[in-house]
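Quick notes on the structure that follows.
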Amino acid sequence: MNGSAIVLKREITATRIPQGEALMLPKGTPVIITQALGGSFTVVVPSEAGLYRIDAEYADALGREISTDGASAQPAAAGPVSEEQIWEALKTCYDPEIPVNIVDLGLVYGLHIEQAAEGAKVAVQMTLTAPGCGMGPVIAREAQQKISQLSGVADADVQVVWDPPWSPDKISEEGKKKLGM
């Protein structure tokens with residue numbers, strides 16, 4: 001991003017990083033975008049001396065359009081949802097402090113699909129890079145919402161687990177490239 005301050009065009013709810021607490025940022029608050037991935041934004045709020053995550057629904061307050069960086073989280077054609085579609089949806093979810101999606105970061109430990117007449121029931125187990133991170137519920141909720149939006153999904157459940165503990169060796173080759181590792 002260019003580092004120039006953007007003034008919020010309307011009041012929004014933002015999530016403080018890494019605490020995970022929601023708060024209101026008033027119209028007119030200057031922010032600097034540090035990351036715009038998967039439809040959400042990470043911003044620095046100079047007056048608050050901190051990082052915040054802004055959800056896609058507030059993109060207009062930043063004068064931006066939602067971008068999924070080429071990863072499609074759009075509903076698929078009618079019929080049963082595929083495992084590939086779910087993985088692609090998960091690849092549009094990002095840790096707000098790291099410019100790599102949760103799949104390539106190695107945060108997704110398990111994916112189970114149970115096909116049923118009313119639609120698939122999807123269960124995902126994921127972890128975080130650090131146990132004390134308050135952003136876990138935010139990231140898990142985003143993953144759950146993106147899976148739920150897929151055609152053919154009746155229910156999605158995303159659970160944060162801690163066993164085994166995450167370590168950098170879980171990062172994919174693609175993720176390592178993005179991080180310069």
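Any value given below was found using the heavy atoms of this structure, including those in side chains, with hydrogens, waters and symmetry copies removed. This chain uses plain numbering: 1 for the first residue, then up along the sequence.
Tyr109 places none of its side-chain heavy atoms less than 4.5 Å from the side chain of Val160. The shortest side-chain heavy-atom distance between Val103 and Ser172 does not fall under the 4.5 Å cut-off. Considering only heavy atoms from C-beta on, Trp166 comes within 4.5 Å of Leu107 through its side chain. Looking at Met126 and Leu90, their side chains never come closer than 4.5 Å, going by heavy atoms from C-beta outward. Side-chain contact between Leu23 and Tyr52: present, with at least one pair of heavy atoms (C-beta onward) separated by less than 4.5 Å. For the pair Leu62/Leu8, a side-chain contact is recorded, criterion being any heavy-atom separation below 4.5 Å from C-beta on. At a threshold of 4.5 Å between non-hydrogen side-chain atoms, the residues Thr15 and Ile17 do not count as touching.
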Report the C-alpha distance between Leu111 and Glu83 in whole Å, list the side-chain angles of each, state the deciding distance to 0.1 Å, and finish with yes or no for side-chain contact (heavy atoms from CB on, under 4.5 Å). CA-CA 8 Å; Leu111 167 63; Glu83 185 173 331; 3.6 Å; yes
Trace of the side-chain contact (heavy atoms from CB on, under 4.5 Å) decision for Glu48 with Thr29: CA-CA 10 Å; Glu48 300 289 327; Thr29 300; over 6 Å; no
Start with the C-alpha distance between Glu57 and Thr13, add both sets of side-chain angles, then the distance that settles side-chain contact (heavy atoms from CB on, under 4.5 Å), and finish with yes or no. CA-CA 10 Å; Glu57 68 185 283; Thr13 300; over 6 Å; no
Is there a side-chain contact (heavy atoms from CB on, under 4.5 Å) between Ile98 and Leu179? Walk through the geometry before answering. CA-CA 8 Å; Ile98 305 171; Leu179 294 171; 3.9 Å; yes
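The heavy-atom pair separating Ile102 from Ala143 by the smallest distance is CD1-CB, 4.4 Å. Closest approach of Gln85 to Pro80, counting heavy atoms only: OE1-O, 4.1 Å. Residues Pro165 and Lys170 approach most closely at O-CE, 3.5 Å, considering heavy atoms. Closest heavy-atom contact between Lys178 and Pro99: CD-O, 4.1 Å. Closest heavy-atom contact between Cys93 and Lys146: SG-CD, 3.8 Å. Here the closest non-hydrogen pair linking Pro96 and Ile139 is CD-CD1, 4.0 Å.
The CD1 atom of Ile54 sits 3.5 Å away from the CD1 atom of Ile12 when rounded to the nearest 0.5 Å. Atom CD in Gln149 sits 9.5 Å away from atom CD in Gln144 (nearest 0.5 Å). To the nearest 0.5 Å, atom NZ of residue Lys121 and atom CD of residue Gln115 are 11.5 Å apart.
Follow the hydrophobic side-chain contacts under 4.5 Å out from Met24 and you never reach Phe41; the two are in separate clusters. Under the 4.5 Å side-chain heavy-atom criterion for Ile, Leu, Val, Met, Phe, Trp and Tyr, Trp87 and Leu150 are members of the same hydrophobic cluster. Placement of Leu105 and Val161 within a single hydrophobic cluster is found when ILVMFWY residues are connected by side-chain heavy-atom separations under 4.5 Å, directly or transitively.
Among Asp155, Val124, Ile113, Val81, the single residue meeting the side-chain contact (heavy atoms from CB on, under 4.5 Å) criterion with Ile147 is Val124.
Residues that satisfy the salt bridge (Lys or Arg N to Asp or Glu O under 4.0 Å) test with Glu114, not counting sequence neighbours, are absent from this structure.
Lys176 NZ: more than 12 foreign heavy atoms inside a 6.0 Å radius. Heavy atoms from other residues, nucleotides or ligands lying under 6.0 Å from CD of Glu21 number more than 12.
Judged as a side-chain hydrogen bond (donor to acceptor under 3.5 Å, both in side chains), not a single pair has a partner in residues 125-139 (not counting sequence neighbours).
Glu142 has a carboxylate O that lies under 4.0 Å from a charged side-chain N of Arg53, or vice versa, which qualifies the two as a salt bridge.
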